[in-house]
J.: 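Quick one: this structure, given as structure tokens, is what I'll be asking you about.
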Amino acid sequence: EFRRVLFHLWNRVQSNEESISIKKQILNECNEIITNTSIKDNRFLLNKLKLIIHKAGKPMNLSLLAEEFEAVAKLEPNNIDVYICLAETLIHEEKPDDAIMPLTFALTRSE
């Protein structure tokens with residue numbers, strides 16, 4: 001169920017032009033999810049949720065988040081979403097050149 005909810009939340013933060021009230025709503029929904037102990041069982045979804053929270057306006061430690069996505073990528077090398085989230089984290093961390101490799105890898109995996 002978390003995958004479906006996070007997919008929906010992910011889509012809602014993609015424009016980067018959400019109103020303050022929409023961002024607050026997204027953050028409230030994320031706070032409800034993050035308190036559920038079940039999400040901690042899925043490292044990727046937990047980190048994706050943290051990225052959504054960051055994109056909705058609550059700063060996260062992006063260096064640590066990038067390290068987490070890199071660790072998950074080693075465990076789930078066929079999960080293209082991990083590489084996309086890693087690349088987006090690096091872009092938000094203002095390291096666009098570092099984002100090229102995970103994006104390229106995701107593209108080659110999706111073909």
J.: Which pair of heavy atoms, one from Leu45 and one from Arg3, lies closest together, and at what distance?
T.: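 Looks like CD1-CG, 3.7 Å.
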J.: Answer whether the closest heavy-atom distance between the side chains of Pro102 and Leu90 falls below 4.5 Å.
T.: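 Contact flag for Pro102/Leu90 side chains = yes.
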J.: Which residues satisfy the salt bridge (charged side-chain N to carboxylate O under 4.0 Å, His left out) test with Lys55, sequence neighbours excluded?
T.: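 Residues passing salt bridge (charged side-chain N to carboxylate O under 4.0 Å, His left out) with Lys55: Glu88.
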J.: Determine, using the 4.5 Å side-chain heavy-atom cutoff (strictly less than), whether Val82 and Ile53 are members of one ILVMFWY cluster.
T.: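 Cluster IDs for Val82 and Ile53 match.
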J.: Give every residue pair that meets the salt bridge (charged side-chain N to carboxylate O under 4.0 Å, His left out) criterion with at least one member in residues 33-48, sequence neighbours excluded.
T.: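 Salt bridge (charged side-chain N to carboxylate O under 4.0 Å, His left out) check on residues 33-48 returns Arg43-Glu68.
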J.: Is it true that Ile33 and Ile52 fall in one hydrophobic cluster, defined by side-chain heavy atoms closer than 4.5 Å?
T.: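 Yes.
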J.: With a 3.5 Å cut-off and sequence neighbours excluded, list the donor-acceptor pairs that the side chains of residues 56-66 form with protein atoms.
T.:
unit_1: Asn61; atom_1: OD1; unit_2: Ser63; atom_2: N; d: 3.2
unit_1: Asn61; atom_1: OD1; unit_2: Leu64; atom_2: N; d: 3.0
unit_1: Ser63; atom_1: OG; unit_2: Glu93; atom_2: OE2; d: 2.5

J.: In the structure I gave you, are the side-chain heavy atoms of Leu86 and Leu103 within less than 4.5 Å of one another anywhere?
T.: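 Sidechains of Leu103 and Leu86: no contact.
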J.: For a quick test of your reading: what N or O donor-acceptor pairs under 3.5 Å do the side chains of residues 19-27 make, sequence neighbours left out?
T.:
unit_1: Ser19; atom_1: OG; unit_2: Ser21; atom_2: OG; d: 3.1
unit_1: Ser19; atom_1: OG; unit_2: Ile22; atom_2: N; d: 3.2
unit_1: Gln25; atom_1: OE1; unit_2: Arg12; atom_2: NH2; d: 3.3

J.: Going by the ring-ring contact (aromatic ring centres under 6.0 Å, His included) test, which pairs reach into residues 38-80, not counting sequence neighbours?
T.: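 Every pair satisfying ring-ring contact (aromatic ring centres under 6.0 Å, His included) with a residue in residues 38-80: His54-His92.
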J.: Which heavy atom in Ile80 sits nearest to a heavy atom in Ala106, and how many Å separate them?
T.: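 The pair with the smallest heavy-atom distance is CG2-CB, 3.6 Å.
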J.: Provide the full list of side-chain hydrogen bond (donor to acceptor under 3.5 Å, both in side chains) pairs with a residue in residues 72-81, sequence neighbours left out, each pair given once.
T.: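 Listed by first then second residue: Glu76-Asn79, Asn78-Arg109.
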J.: How close do Cys30 and Leu49 get, counting heavy atoms only, and between which atoms?
T.: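 Closest approach of Cys30 to Leu49, heavy atoms only: SG-CD1, 3.6 Å.
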J.: Is any side-chain heavy atom of Ile39 closer than 4.5 Å to one of Leu6?
T.: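 The answer is yes, as the side chains (C-beta and beyond) meet within the 4.5 Å cut-off.
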J.: Can you name the nearest heavy-atom pair linking Ala73 to Tyr83, along with the distance?
T.: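 Minimum heavy-atom contact is O-OH, 3.5 Å.
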J.: Check Ala87 against Ala99 and note the closest heavy-atom contact, atom names and distance.
T.: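 So the two residues come closest at O-CB, 3.5 Å.
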